[in-house]
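Data first, discussion second: the structure below is written as structure tokens.
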Amino acid sequence: MEKISVAVRFRPSTSDLLPSDRQWHLDDNRISLHRPLGTPNPTSSAPSFSFDHVFDHSTTNSSVHQVLTSPIILAAVDGFNGTVFAYGQTSSGKTYTMNGSGSDPGIIQLAVRDVFEMIQMVTEREFLIRVSYMEIYNEEINDLLVLGNQKLPIHESLERGVYVAGLREEIVNNTDQVLELIKLGETNRHFGETNMNARSSRSHTIFRMVIESSVKNTTSSSDVSDTDAIRVSVLNLVDLAGSERIAKTGAGGVRLKEGKHINKSLMVLGNVINKLSEGKQRAHIPYRDSKLTRILQPALGGNAKTSIICTVAPEEVHVEETKGTLQFASRAKRITNCAQVNEVLTDAALLRRQKLEIEELRKKLQGSHSEVLEQVILKQRNDMLKSEMERDKLATQLEEERKARETLENHIKEQQKKIENLNDLSFSSGQTQNLCQVDLGEISKHVFNENNGVHLDVFKTPNFKSMPNNFVMKRSVYSSAIESSPIPDSFDSIADEDMWLRLNKGLTTDLDTLDMTPFRNNQFLSQDASLEHTLEEASIEETSSQETDCCLHKQSLEASKEQCAKLENECKLLREQNASLVQTLSMSKENVELLTAEKEELLKNLNIEKQKLKDLKDEIRQFSLAFAQREGLLTSLYSKSKAMVENLKSCRAPIPEILEC
Ligand code: ADP
Ligand code: MG
């Protein structure tokens, strides 16, 4: 058993020149609020606090890491789960602490670097490291490594425990690869929302490394024995949403109902911390009330080494928020965890499943260059992981579909039972009291005589059963099974903005008693209960029961009549729609016929035209042939006559006959 380690970090002031009434004084690991003259603040509302570590404005991320988080990283490499939270109001330095700046790398970067350095030093074990990066925004989990992989569900299985289904995990083997993935995650996060500041102060990010390791096997691959225990540890590095009151900015702070902007996860985290700090054995801890607490359950009062860095702003304007954060931190300090090395012998360890296959691949590629070999192995590992995740996703979808179908079937069954009960009630009323002036059989025939796909056989079959006892029985079972969710969706709209302060001061909101959702079923249940009550009385006092029955039957008959009228209307509408559809269909048929005839006519004309064209072409060809022949003839005549003229000229002979003509 060990306590959660809690540190407070002051960021540098942004308003050094402004005079201030009160100042935070840091003395070793104590913090107190002082008046300017140096006297501690006398009021009890500003007590002094002490923590495991207090870091002033000049502390660097790497100092914070060295003191607070590097022991957790070391433990994670040894097989312990580890979690580091940054908690505090917006702009107090949470993201700076976790992600750092160009010159001062954050806890995440330092942790990643440490992990790879540390595993290099553990020569007797081999490691498999995978990372994921997610965001919880408006109670929805979004994958930051895959754009569009959003609204992921949380599932639980015996093998894997609680996990985010469909979340991309990437197997990595060096620091640079991880930093690239983080960069990608940050880009995806920015892509999702235009108002980035508002989003980042309302969302949580969880960067997660899963570290698996097993004793190195130096002999042959076949010696990878099934009895080898594999260590699997999860390291969560969490940048939480801003814990301030949203309406604080206005002068005096406008008291608002924040509506859906209240961050449910953060409130439930406060609740969980408060309940855990009470230290009650076997108290119900509401981990399941939010996605954040559900995912991080092992880190809160469970199997993990946990550190919380509470970041605060030193300026006087933030004194109240800082006090709130310090109160939260004080409570968190009381929580004890019980961390142990996680060793698994089942197939839940990815390393076990992949080990043999990788060994085989390694053998095959033994001659290759080692860097290429590593790349190929990494790719192979990622491919295997992806196909496993794909399989998981499909299984999840299948399960969800199965559940949806079951719910639907149950719903249909319930509806059918209700109709049966109603029908029994109506007919028995008609039989015993002669009050049944409406023949439901007739109505049903009238309503359902069309072949419109609506089948309610109960209406068609006369049913002369007496008042069914199971109706009463069923109601009483029903009325006892009141269901109310401890944390309905409308939580956000009820809790007001001062909830943060109250939570920081240690309020444990009893989520069951908070008026979060009006209980809708109550009205119906009370009606049902009175109905049940009347019917039970009826069986004892016969005379009055006749009247009560009549009354009830009348009411149900009225209801049936209304129902029937409604159905009749629907039926009429459907018939009208059907008729108009039939009309449209026949019109389209006619149009099609017309168009077909036109098409045929056109085709015929086209063929005639084609024939004409062909004939014309033939004529032209013949004409050209004849023309060419004549042309040839004329040319030869011309050349002959020319030659004769030449001859005549030279011989001075008489002009031949041919020239005379
Ligand atoms: P948060 O994440 O809590 O909203 P940020 O980490 O974004 O707050 O910090 C708000 C501003 O203060 C940023 O500009 C950041 O660079 C600066 N800042 C926070 N902490 C420190 C620190 N320890 N040293 C220097 N600058 C800091
Ligand atoms: Mg931030």
Side-chain angles (χ1 to χ4, degrees), residues 6-18 24 26 31 51 53-69 84-111 133-138 142 144 182-183 185-207 236-246 248-249 261 263 265-266 269-270 292 307-326 328-329 332 500 504:
V6 180
V8 172
R9 183 183 197 188
F10 277 81
R11 70 150 163 73
S13 173
T14 51
S15 57
D16 275 344
L17 301 174
L18 292 177
W24 291 102
L26 316 187
I31 303 170
F51 299 99
H53 306 279
V54 174
F55 302 111
D56 69 11
H57 66 276
S58 64
T59 319
T60 59
N61 283 332
S62 87
S63 311
V64 175
H65 173 64
Q66 223 164 3
V67 175
L68 194 73
T69 49
V84 179
F85 292 100
Y87 179 96
Q89 72 174 108
T90 298
S91 92
S92 59
K94 297 183 296 296
T95 305
Y96 184 90
T97 303
M98 297 313 287
N99 285 334
S101 67
S103 55
D104 191 9
I107 301 290
I108 295 181
Q109 285 78 1
L110 296 168
Y133 199 14
M134 67 188 117
E135 171 194 61
I136 305 177
Y137 181 58
N138 273 347
N142 302 326
L144 290 178
I182 293 172
K183 219 190 266 175
E186 289 303 315
T187 328
N188 287 347
R189 193 178 183 204
H190 283 69
F191 192 83
E193 185 83 10
T194 37
N195 189 351
M196 198 40 220
N197 284 339
R199 183 183 182 122
S200 68
S201 63
R202 296 288 100 197
S203 71
H204 317 276
T205 56
I206 303 176
F207 174 75
N236 294 303
L237 303 173
V238 188
D239 183 1
L240 289 171
S243 63
E244 74 286 359
R245 294 177 299 160
I246 289 178
K248 179 174 170 268
T249 43
H261 298 298
N263 195 312
S265 281
L266 202 56
L269 174 70
L292 179 76
S307 277
I308 301 185
I309 308 170
C310 292
T311 55
V312 288
E315 295 85 8
E316 188 179 8
V317 66
H318 296 305
V319 160
E320 287 311 312
E321 296 300 341
T322 301
K323 268 198 258 175
T325 305
L326 297 180
F328 173 90
W500 300 128
N504 282 334

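Sequential numbering from 1 along the given sequence is applied to the chain's residues. Order of appearance sets the numbers: ligands from 1, and atoms from 1 within every ligand.
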Next item on the list: Grab the two heavy atoms, one from Ala332 and one from Ile308, that are nearest each other, plus how far apart they are.
Entry: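 The answer is CB-CD1, 3.8 Å.
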Checklist line | Sub-4.0 Å heavy-atom environment of ligand 1, residues by chain | finding: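 If the criterion is a heavy atom under 4.0 Å, then ligand 1 touches Arg9, Arg11, Pro12, Gln89, Thr90, Ser91, Ser92, Gly93, Lys94, Thr95, Tyr96.
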Distance-only side-chain donor-acceptor flag, [X] / [Y], under 3.5 Å:
X: Arg189; Y: Thr205; result: no
X: Asp104; Y: Ser101; result: no
X: Thr325; Y: Gln89; result: no
X: Ser63; Y: Thr60; result: yes

Margin query: side chain to side chain contact (heavy atoms under 4.5 Å, CB included), that's the test. Do Thr311 and Tyr96 meet it? Break it down for me.
Written below: CA-CA 10 Å; Thr311 55; Tyr96 184 90; over 6 Å; no
Next item on the list: Could you tell me whether any N, O or S atom belonging to Thr95 is less than 2.8 Å from the Mg ion (ligand 2)?
Entry: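 A backbone or side-chain N, O or S atom of Thr95 is under 2.8 Å from the Mg ion (ligand 2).
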